[in-house]
Amino acid sequence: MSDSMQMPKHGFARHIPLLVILIAACVGFFTLRDYLSFETLRDNREALLAFRDANYLALSALFVGAYILIVAFSLPGAAVASMTGGFLFGLVVGTALNVVSATVGASAIFLAARWGLGATLTAKLETSEGTIKKLKEGLRENEISVLFLLRLVPAVPFFVANLVPALVGVKFRNYLVTTALGIIPGAIVFTWIGVGLGGVFDRGETPDVSLLWEPFVIGPILGLCVLAALPILIKALRGKKEA
């Protein structure tokens, strides 16, 4: 896929993909929360493990397809899906499947937004002046760093990091690369938690996602955030010196 790929020409038609995603997200929020849960995973763990042992590749494909749909339609359960990857496939394979699935799903929602509302907003940004023009130019100059920050900062919701870049006209290839690389740290953590879910279920406990905020986890992630922000800071300091 490229930045010059064909977009729907008719006004309303190009908004259909994003509308479908928004409708599916709303419906899923109210109807799927009780199904895409740790309780569902716990109640079906033996059947899933047995199916995995007998049909490893088939379950891998089903898992990836389900995870892509969860991300692409912003359905509840993305964290559960990531941990399920670790529970079923282990840390290495689970992380790989999680990253691939999340990247494909995020790319789908990016393209849907870009074809629709994003095309309109990008056109307006291209003809804007004043403060908006400066913000647009600043984003273009620091596009990679900003995209990495959106992925690395834990406080930024995943669907926000998927939609905002499409609405402001960033390059798809930059979005794809920064998504695939930027979600790896978080994917490792959630997959890691998933690896230990069997023991958690055996003890009758609830999975503890607070591990993400432990110093030995959040520290390296914040360090990556600083590295991603360095080019922006350096350019800003150089700009002040030249002024």
Side-chain angles (χ1 to χ4, degrees), residues 1 5 15-38 40-41 48 59-89 91 93-118 146-168 170-194 197 207 209 212 221:
M1 286 180 284
M5 63 192 304
H15 293 288
I16 291 177
L18 185 57
L19 286 174
V20 170
I21 287 175
L22 293 176
I23 293 171
C26 292
V27 173
F29 178 79
F30 291 105
T31 62
L32 296 177
R33 284 182 297 176
D34 294 334
Y35 297 98
L36 301 176
S37 65
F38 291 115
T40 300
L41 178 59
L48 285 171
L59 184 59
S60 300
L62 288 172
F63 172 79
V64 169
Y67 199 155
I68 289 173
L69 291 176
I70 288 173
V71 175
F73 290 99
S74 297
L75 300 175
V80 176
S82 294
M83 295 182 205
T84 301
F87 174 69
L88 292 175
F89 306 107
L91 182 60
V93 176
T95 298
L97 294 179
N98 286 338
V99 169
V100 170
S101 304
T103 300
V104 174
S107 298
I109 193 171
F110 174 93
L111 293 174
R114 167 64 60 82
W115 283 335
L117 186 59
V146 172
L147 289 173
F148 266 126
L149 283 173
L150 284 175
R151 291 302 180 192
L152 291 169
V153 176
V156 178
F158 195 62
F159 76 92
V160 172
N162 292 339
L163 285 175
V164 171
L167 299 180
V168 297
V170 304
K171 295 177 181 177
F172 176 71
R173 62 177 177 273
N174 291 342
Y175 173 86
L176 182 63
V177 171
T178 54
T179 295
L181 297 179
I183 65 176
I184 289 176
I188 291 174
V189 174
F190 280 106
T191 309
W192 183 9
I193 296 173
L197 280 183
V209 296
L212 180 64
I221 292 177

- Message: So Asn98 and Phe190, do their side chains get closer than 4.5 Å, heavy atoms only?
- Response: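 When only atoms from C-beta onward are counted, Asn98 and Phe190 do not touch, as no gap falls below 4.5 Å.
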- Do the ring planes of Tyr175 and Phe110 sit parallel (below 30°), tilted (30 to 60°) or perpendicular (above 60°)?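 Parallel: the ring planes of Tyr175 and Phe110 meet at under 30°.
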- Query: Yes or no on side chain to side chain contact (heavy atoms under 4.5 Å, CB included) for Phe158 and Arg151, after CA distance, side-chain angles and deciding distance?
  - Reply: CA-CA 8 Å; Phe158 195 62; Arg151 291 302 180 192; 3.0 Å; yes
- Query: Hey, are the side chains of Leu149 and Val156 touching, using non-hydrogen atoms and a 4.5 Å cut-off?
  - Reply: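 Sidechains of Val156 and Leu149: no contact.
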- Message: Distance check, rounded to the nearest 0.5 Å: Leu59 atom CG versus Leu48 atom CG?
- Response: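 So the gap between those two atoms works out to 6.5 Å.
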- Step-by-step side chain to side chain contact (heavy atoms under 4.5 Å, CB included) determination, Ser37 to Thr40: CA-CA 5 Å; Ser37 65; Thr40 300; 3.2 Å; yes
- Item | Distance-minimising heavy-atom pair for Ile184 and Ala180 |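 It is CG1-O, 3.3 Å.
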- Task: Identify the two heavy atoms, one from Ile68 and one from Ser101, that lie closest to each other, and give their separation to 0.1 Å.
- Result: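 For Ile68 and Ser101, the tightest heavy-atom pair comes out as CG1-O, 3.5 Å.
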- Message: Can you tell me how far apart CD1 (Ile21) and CG (Leu111) are? Round to the nearest 0.5 Å.
- Response: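 Between atom CD1 of Ile21 and atom CG of Leu111 there are 9.5 Å.
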- Item | Separation of Leu147 CG from Lys171 NZ (nearest 0.5 Å) |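 Nearest 0.5 Å value for the NZ-CG distance: 11.5 Å.
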- Message: Distance alone, cut at 3.5 Å: any donor-acceptor contact between the side chains of Tyr67 and Ser82?
- Response: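 On atom types as modelled, these side chains qualify, holding a pair under 3.5 Å.
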- Heavy-atom closest pair, residues Phe159 and Ser74: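 Minimum heavy-atom contact is CB-OG, 4.0 Å.
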- Message: What I'd like to find out is whether the side chain of Thr178 reaches to under 4.5 Å of the side chain of Arg173, using heavy atoms alone.
- Response: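 The answer is no; the side chains never approach within 4.5 Å.
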- Is there side-chain contact between Leu36 and Val80, with at least one heavy-atom pair below 4.5 Å?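 In short, these two side chains do not touch, never coming nearer than 4.5 Å.
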- Of all heavy-atom pairs between Gly182 and Leu152, which one has the smallest distance, and what is that distance?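 Reported closest heavy-atom pair: O-CD2, 3.5 Å.
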- Task: Could you tell me whether the side chain of Leu97 reaches within less than 4.5 Å of the side chain of Thr191, counting heavy atoms only?
- Result: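 No. Closest side-chain heavy atoms not under 4.5 Å.
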- Task: Might you point out which heavy atoms bring Val99 and Ile183 nearest each other, and give the distance in Å?
- Result: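 Between these two residues, the closest heavy atoms are O-CD1, 3.7 Å.
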- Looking only at heavy atoms, what is the nearest atom pair of Pro165 and Leu150, with distance?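 Taking every non-hydrogen atom into account, CG-CD1, 4.0 Å.
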- Query: Which distance, rounded to the nearest 0.5 Å, do you find between the CG of Leu91 and the CD1 of Ile193?
  - Reply: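 Rounded to the nearest 0.5 Å, the CG-CD1 separation comes out at 11.5 Å.
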- Could you give the distance from CZ (Phe148) to OG1 (Thr179), rounded to the nearest 0.5 Å?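 Separation between the atoms: 9.0 Å.
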- Message: Measuring from atom CG of Asn162 to atom CD1 of Ile109, what distance do you get when rounded to the nearest 0.5 angstrom?
- Response: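 Spacing of CG (Asn162) from CD1 (Ile109) equals 5.5 Å.
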